[in-house]
Each structure stands twice: as C-alpha cells, then as structure tokens.
K.L.:
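Here's a structure for you.
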Amino acid sequence: MKKVVSTFLLALLAWHTSPAQSNQKMDTFIDQLMAKMTVDEKIGQLNLVTGGEATTGTTVSTGVEAKIKNGQIGGIFSMSTPAKIRKTQEIAIKQSRLKIPIIFGMDVIHGYRTVFPIPLGLAATWDMNLIQQSARIAAEEATADGINWAFSPMVDISRDPRWGRISEGAGEDTYLSSRVAEAIVHGFQGDNLAAHNTMIACVKHFALYGAAEGGRDYNSTDMSLHRMYNEYLPPYKAALDAGAGSIMTSFNDINGVPASANKWLMTDVLRKQWGFKGLVVTDYTAVNELTAHGLGDLQQVSALSLNAGVDMDMVGEGFLTTLKKSLDAGRVKIADIDRACRFVLEAKYKLGLFDDPYRYCDEKRAKTVIGSAANHAKAREIAAKSFVLLKNENQVLPLKKTGTVAVIGPLANSGPNMPGTWSVSAELDKTASLVEGMKVVLGNKVNILTHLGSNLLEDPIYQNHATMFGRTIARDSRKEEEIIADALKVAQQSEVVVAALGEASEMSGESSSRSELDIPKNQQNLLKALLATGKPVVLVLFTGRPLTLTWEDAHVPAILNVWFGGTETGKAVADVLFGDVVPSGKITATFPRNVGQIPIYYAHKNTGRPYGNSGDFEKFKSNYLDVSNSPLYPFGYGLSYTTFTYGDIRLDRNTIDEKGTIQASVDISNTGNYDAEETVQLYIQDLVGSVTRPVKELKGFQKIFLKKGEQKTVNFNIKVDDLKFFDNNLNYVAEPGNFKVYIGPNSRDVKEKEFELL
Ligand code: BGC
C-alpha cells in the first residue's frame with residue numbers, strides 16, 4: 001500500500017510541475033502582452049471571421065483587411081493556401097499595432113484534400129488506429145496549407161437519423177463515440193501543438209445538438225440531467241480529456257437556455273466540473289441567433305454569451321460591435337473580456353504562432369504532402385473498411401473478375417458526390433466517380449457498362465437542394481419509364497447489375513434533415529425493374545445516415561452500404577465488390593424498419609411492460625400495432641464474406657469487488673472461406689439499480705483478424721469503472737448487485753453470462 005501511495009504522489013507531483021513550468025512561461029508572455037492591449041484590442045481578439053472559401057451560413061464577413069489592421073480580428077476560418085494565409089498574416093504582423101498573429105481555422109472534418117469516409121463511415125470501421133491516422137493525415141495536409149485549427153471532432157450522439165448531421169458524428173453510442181473522439185483529437189494534435197504539422201482540435205457542438213427535436217436541424221433539446229450525463233455528455237468530455245484545445249458551442253436550446261448563452265453548461269459544467277482550460281468558440285453566428293431564440297437584442301445577447309463563458313464569436317461580430325458599450329454600461333466585466341482574450345492568445349501561443357507566425361506557410365511542404373499517393377492509398381484502405389455488408393444472400397458477393405457488369409443508377413457517375421458532405425477542401429471535379437474508380441481497379445478484366453437509370457429525385461427542385469455546393473448529378477428530362485427502359489437495355493447486356501443508388505452527399509449534413517428515410521421512390525422503381533430482369537443485383541448504397549431499407553432487405557440479394565467513402569470511393573468499392581478486401585464495417589447507428597420507430601437505439605430502457613422477442617404484437621406491452629420493435633439492422637451489425645462462430649462466454653470469477661477485475665473470454669472461429677477481420681463487442685447490463693438502466697451498453701470491443709479455419713480467444717477485462725453511471729444525484733457510482741455481460745458480433749446476436757458486484 002505504501003509503495004502504491006508514494007508512486008501516486010510522485011506521479012501527481014510530476015503532473016503538477018511540468019505543465020505548470022511551461023504554463024508559467026506562457027502566462028508571463030501573455031500577461032506582458034495583455035498589459036499593452038487596449039480594451040478594443042482585447043475585444044478584437046474575440047472576433048472570428050470567415051475567409052469565405054466555404055459557405056456554412058448566410059452571413060459573410062466584410063472589411064477583413066481593414067479590421068486586421070485595426071486589431072479587430074483574432075481568427076479567420078475558411079481560408080487556405082500558404083500564399084494566401086501568409087499574405088493575410090503579414091497584414092497582422094506588419095500593419096497592426098501589436099502584431100498579434102491570426103489563428104486560421106477550417107472545417108477539416110474527414111480529411112482535407114485527401115478525403116476519407118464521412119465520420120459515420122469512419123466510425124463503422126471500429127478501428128481507432130485507422131481513425132487516428134485519418135485525422136493525422138488530415139492535419140498533415142491542412143497544416144501544410146496554412147491552417148492550424150480544425151473544427152473537429154464532431155462528437156454529437158444522435159439517435160435520430162432524420163437529422164442530417166448524424167453523418168458527421170460516430171453515431172448513437174456513448175462509449176464508441178468517446179473512443180472515436182479521443183482518436184481524432186490525438187490525430188490532429190499529436191504530442192506537440194507547436195509542431196508545424198499539428199493543429200488544435202475543436203470539439204463540437206457543445207452540447208446535445210444531435211438530440212434536436214424531430215431530427216430537424218437547429219431545433220431545441222430538452223433532456224434530463226440523468227440522460228445528459230450518462231449518454232450525451234461523455235464524448236465531449238472524452239475529447240477534452242484527450243487534450244482537445246478548443247470547443248464549439250451548439251446552435252440549440254438546452255432546457256430553455258441556448259448553448260451559446262448557457263452559463264451552467266459553459267462555466268459550471270465545462271470549466272468548473274471538467275476543468276477545461278482551452279478556448280470556447282461559438283458556432284456560426286450563434287450569438288446573433290440568440291435574438292431569434294428570444295433572449296434580447298444583439299448587445300444583450302453578446303453580453304449574455306460572454307458572461308456565460310464564451311470566448312470567441314464566430315462571424316456575427318456581436319462581441320466586436322457591442323462589448324465595449326456593455327462594459328461602459330456595467331453589463332459585462334473587464335475580467336470576463338480578459339478571460340476570453342487570454343484563452344484566444346493561449347491557443348496562438350500553444351501553436352507557436354508568437355515564435356513564428358508563418359510556421360504553417362510552407363509552399364514546399366504543401367506541394368509534397370497535400371494529396372500525396374500515400375495519403376490516397378490510406379484513404380482507399382480506410383474507405384474499404386468503412387463499408388458495411390448488410391445482406392449477401394447465396395453469396396452473390398464477391399463478384400468474379402470476368403464478364404460484363406452493368407453499373408446503373410444516379411450515383412454511378414458523379415465524382416463530386418463521392419467525398420460526402422463536409423468535405424470543403426475536396427477537389428470535387430478531380431474526384432473519380434464510382435465507375436471511373438472501378439475501371440482503374442478492374443482494367444480490362446471486367447467490361448463495365450453504365451447508365452443513369454433514374455434521376456436522383458423526381459422533383460427537380462428537391463434535387464437542386466440535394467446537390468448543392470457543386471455536388472451535381474446529371475438529370476435526364478425524359479419520363480421515368482423511358483429512362484428505366486433505356487437502362488434496362490444496358491442491364492440486359494450484363495451478367496451482374498450493380499445498382500448505385502441512395503442519397504446524394506448533400507442529402508445529409510447540415511440543414512439536410514429528412515422526414516422520409518427511404519431510397520427515393522423513382523430510384524426504387526428502377527431497382528424493381530432491374531430485379532425483374534432476373535440478373536443478380538447488388539445494391540451499392542450511398543447514404544449519410546441509416547435509411548429505411550425494409551423493402552430492399554426483403555427483395556435485393558446483396559446490399560453493400562458504402563456511405564460516402566471519400567476521394568478513393570470508386571476504387572475501394574471495386575476492392576470490396578470483387579473480393580480483394582473482405583468487408584468488415586459494422587453500423588454504429590441503428591437502421592430502423594420505418595420512420596415511426598425513431599428514436600430507435602440499442603441501449604434503450606426496458607419499460608415496465610417489455611415486449612418479447614416474437615416480433616408479434618402483444619396487447620398491453622410497449623410496442624406498435626403495425627411494426628415490431630426490433631430494428632431492421634441492429635447497432636454493431638455488419639456481415640463478412642466469411643462466417644464467424646462465437647463460443648460461450650467464460651468468466652474467470654463470478655464476483656467482483658471495487659478494486660477487482662473479471663476477465664470475460666470467448667473463443668471465436670472463422671468458419672467460412674475467407675481470411676477476415678471481425679469486431680467483437682462487449683456489452684454490460686446492470687440488472688438492478690437505484691435508477692432504471694439500459695438493457696445493454698457497449699463497454700468494450702476488439703477488432704481481430706482470423707485466417708480461414710483459425711480460432712482465437714478474445715479476453716476482456718471488466719473493471720468497476722465499466723459498471724459506473726451517474727445516479728439521480730449525479731454521483732458517479734457502481735451499485736452492488738447482479739450484472740450481465742454480453743459478447744457478440746453485434747448488439748443483438750450475443751452470448752450472455754451473469755456476475756455480481758459485491
Ligand atoms: C457548423 C459548424 C462549422 C461552422 C463553420 C456551422 O454552420 O454548424 O459545424 O464548424 O459552421 O463552418
């Protein structure tokens with residue numbers, strides 16, 4: 001015991017001295033700088049403007065150059081290239097009074113120029129190493145292009161696929177999203193923020209943005225503290241504990257107070273409970289929007305936001321134009337302006353910008369790093385691993401590399417749609433389409449024919465909204481039946497049909513909520529006609545969210561969900577369809593049978609009237625008359641070309657005390673014909689508690705590789721921490737009693753065993 005205590009004290013001491021020493025240097029530097037700053041210059045640092053390269057809101061910043069000279073801008077986002085950024089930085093360094101460098105931000109969400117799968121797809125790899133590598137490459141490229149602040153990771157839990165931004169996060173699960181958040185932060189920030197190839201991560205959107213009512217973007221959230229602390233807040237905290245240097249407020253109302261004015265959230269939770277010491281920035285014009293929320297005029301809401309604990313104001317310039325007046329009127333304190341200014345300056349200090357404001361402006365590095373062959377190869381590998389095989393009847397897949405394949409559908413020939421939503425730095429017109437990518441991989445071994453097959457959407461206005469920002473998809477003005485008839489002529493010449501259907505990339509992402517989640521009707525009609533040819537049909541599904549695929553699941557022999565796979569989508573799809581890569585992705589958000597089941601998620605409560613597993617309606621049970629409670633595809637689900645068999649769970653003991661560990665083991669065999677990866681998932685259920693607990697919660701996972709015929713034992717160590725939750729007094733506790741452990745290939749098909757916490 002003595003030894004344990006002394007090691008602990010040493011560690012504590014080390015933890016306290018080293019950062020403190022370097023902090024002291026930073027503090028002294030910033031003290032001295034702030035002593036020279038006027039109030040206006042301090043307020044100027046709180047102003048974040050857009051360089052306008054990407055459109056993420058309706059307000060655009062103006063007079064940027066003059067404002068930099070006057071010390072009225074602290075940061076700029078959506079501006080790129082070393083040349084442009086150097087020129088802009090020079091204005092600050094050479095023409096402003098105090099020569100304070102500017103911080104340059106960007107939405108670096110799933111890659112930079114080299115684009116990786118959308119975040120929901122990245123999460124489906126369940127491979128934290130690869131996810132970290134994707135963020136590392138994104139940081140290498142973005143920093144080479146002059147940028148040092150990434151508006152990522154987006155860690156909003158969402159259990160409502162109507163919400164378009166579910167595509168930008170890791171899905172529905174608290175534990176998995178937390179691990180993904182850590183991986184991305186480490187990827188962006190590395191070990192040393194002042195290195196020329198690392199950047200500050202910005203966790204967003206704080207908080208609960210993914211719980212917007214009805215899945216309608218920007219909508220309100222109203223949530224119990226119990227649910228917040230247990231289910232929605234942990235990923236933000238995990239990202240901050242991993243060292244994320246900044247956090248972005250969300251647009252939504254939280255129990256009556258919008259995030260950007262929410263003092264409880266921004267100060268009590270973030271600063272006091274979690275001890276966060278980084279920069280808090282608002283989302284795009286979120287301060288101004290507090291007026292529409294009903295909290296007062298611009299001066300009033302700007303003061304509210306600063307007083308709540310917000311440091312930097314994105315685009316709306318409420319801080320810039322009103323804080324001085326509020327200071328004079330006694331509505332804000334200089335201490336709060338100082339606090340906010342200090343956090344902005346600290347971020348710049350940590351990035352090394354005071355040592356060298358041009359650290360990230362290296363044309364040579366930009367030329368070699370951005371879009372390199374190695375980065376593309378990694379993007380292809382990750383994309384293939386993000387795809388989820390939802391169905392594969394009679395082993396239609398993999399396809400043979402011979403004969404003629406018809407690739408038909410509105411997503412077959414649109415390069416600009418492959419990167420997916422929130423890929424503002426992608427080179428859309430240089431991105432290969434699905435067919436182009438497939439042709440590169442298959443050469444002349446396979447004859448590929450192609451056809452549009454149907455419009456993306458019947459309604460041209462809806463299609464316009466769904467293909468904004470250059471994500472165009474050709475339209476055919478003929479009648480639906482004529483287009484289909486034409487496509488069938490192409491299908492008839494092939495041995496296999498690949499139907500490239502689903503959403504365009506801008507049908508998910510910001511301001512892209514949907515009330516229906518099926519594959520658009522006209523595309524379904526095409527699919528039905530293709531199936532009627534009697535040829536084997538493989539549905540290659542493009543989507544930014546779980547769709548309702550009940551009809552497709554019943555009728556299409558093979559479904560490969562490819563999300564939006566990024567720059568290398570086409571090649572990666574060919575890799576999987578033709579068996580060079582065995583699919584291993586698993587969904588991280590439940591696929592409902594219909595929209596009425598939403599919200600649907602595996603970690604639900606039991607209710608007092610749980611309904612059995614029959615799938616049939618049971619009177620006086622918690623169910624629906626017209627649909628079963630079960631999802632179409634459960635959380636964690638995804639098939640492989642091979643099959644895995646799970647043995648029974650073995651526990652090395654049946655009880656655990658506060659300090660103990662139980663090892664749960666399971667033997668897994670590859671019983672099919674392919675070497676392949678499998679993600680083994682561990683869930684826990686607290687059977688009796690002081691509050692009701694979910695029917696199961698993910699608490700661990702391991703991705704393993706098994707050669708065909710091979711068997712491996714997978715061990716999980718369950719600790720008391722895995723059993724803890726926030727009780728109704730928000731104490732983080734593990735309550736003695738019985739627990740169940742479940743292990744399986746997804747959240748539904750699990751083995752189980754019971755143990756007791758003493
Ligand atoms: C989005 C953020 C994004 C910001 C800056 C907003 O509209 O909600 O996720 O970082 O724009 O582009």
Side-chain angles (χ1 to χ4, degrees), residues 47-61 73-80 103-112 118-120 135 138 142 147-158 163-170 181 184-185 188 199-212 215-219 221 235-236 239 244-254 258-260 279-290 292-293 310-317 347 420-426 468-469 506 508-513 544:
N47 193 27
L48 173 64
V49 301
T50 169
E53 281 179 15
T55 324
T56 51
T58 46
T59 311
V60 179
S61 304
I73 285 179
I76 301 179
F77 71 100
S78 283
M79 180 184 277
S80 63
I103 185 171
F104 289 92
M106 182 70 89
D107 286 283
V108 185
I109 311 292
H110 50 110
Y112 183 70
I118 57 166
L120 193 59
I147 297 149
N148 40 44
W149 187 17
F151 295 159
S152 174
M154 192 279 218
V155 304
D156 304 322
I157 297 286
S158 182
W163 190 54
R165 302 196 80 171
I166 195 172
S167 57
E168 292 176 49
I184 296 178
V185 170
F188 280 127
M199 61 203 303
I200 290 190
C202 185
V203 185
K204 68 188 189 186
H205 307 81
F206 195 54
L208 322 181
Y209 185 29
R216 187 156 52 79
D217 210 357
Y218 318 121
N219 206 1
T221 57
Y236 305 102
S246 67
I247 191 162
M248 188 185 290
T249 68
S250 57
F251 288 122
N252 51 290
D253 182 335
I254 295 165
S260 304
L279 173 63
V280 181
V281 62
T282 69
D283 204 343
Y284 209 103
T285 59
V287 172
N288 313 59
E289 292 168 25
L290 295 171
H293 275 288
V310 168
D311 303 320
M312 204 173 200
D313 173 11
M314 190 192 288
V315 178
E317 302 201 334
T421 189
W422 272 120
S423 46
V424 295
S425 309
M468 292 173 90
F469 311 129
E506 292 311 307
S508 60
E510 187 168 350
S511 185
S512 297
S513 297

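Just follow the structure's listing: the first ligand is 1, and inside any ligand the first atom is 1. A quick note: this is a predicted structure, and the numbers were derived from the prediction, not measured.
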K.L.:
Indicate yes or no: at least one non-hydrogen side-chain atom of D283 is less than 4.5 angstrom from one of M314.
P.N.:
yes
K.L.:
Residues around ligand 1, heavy atom under 4.0 Å from any ligand atom, sorted by chain and number. Can you pull those?
P.N.:
T56, F77, D107, F151, R165, K204, H205, M248, F251, D283, Y284, M314, W422, E510
K.L.:
In chain order, what residues pass the side-chain contact (heavy atoms from CB on, under 4.5 Å) check against A135, with sequence neighbours excluded?
P.N.:
I184, F188
K.L.:
Please report the shortest heavy-atom distance between E168 and E510, naming the atom on each side.
P.N.:
OE2-N, 3.7 Å
K.L.:
Not counting sequence neighbours, which residues clear salt bridge (Lys or Arg N to Asp or Glu O under 4.0 Å) with D107? List them please.
P.N.:
K204
K.L.:
For S425, enumerate each residue passing the side-chain contact (heavy atoms from CB on, under 4.5 Å) test, keeping only those at least two apart in sequence or located in another chain.
P.N.:
M106, Y112, R113
K.L.:
Between I118 and T421, which heavy-atom pair has the shortest distance, and what is it?
P.N.:
CG2-N, 4.1 Å
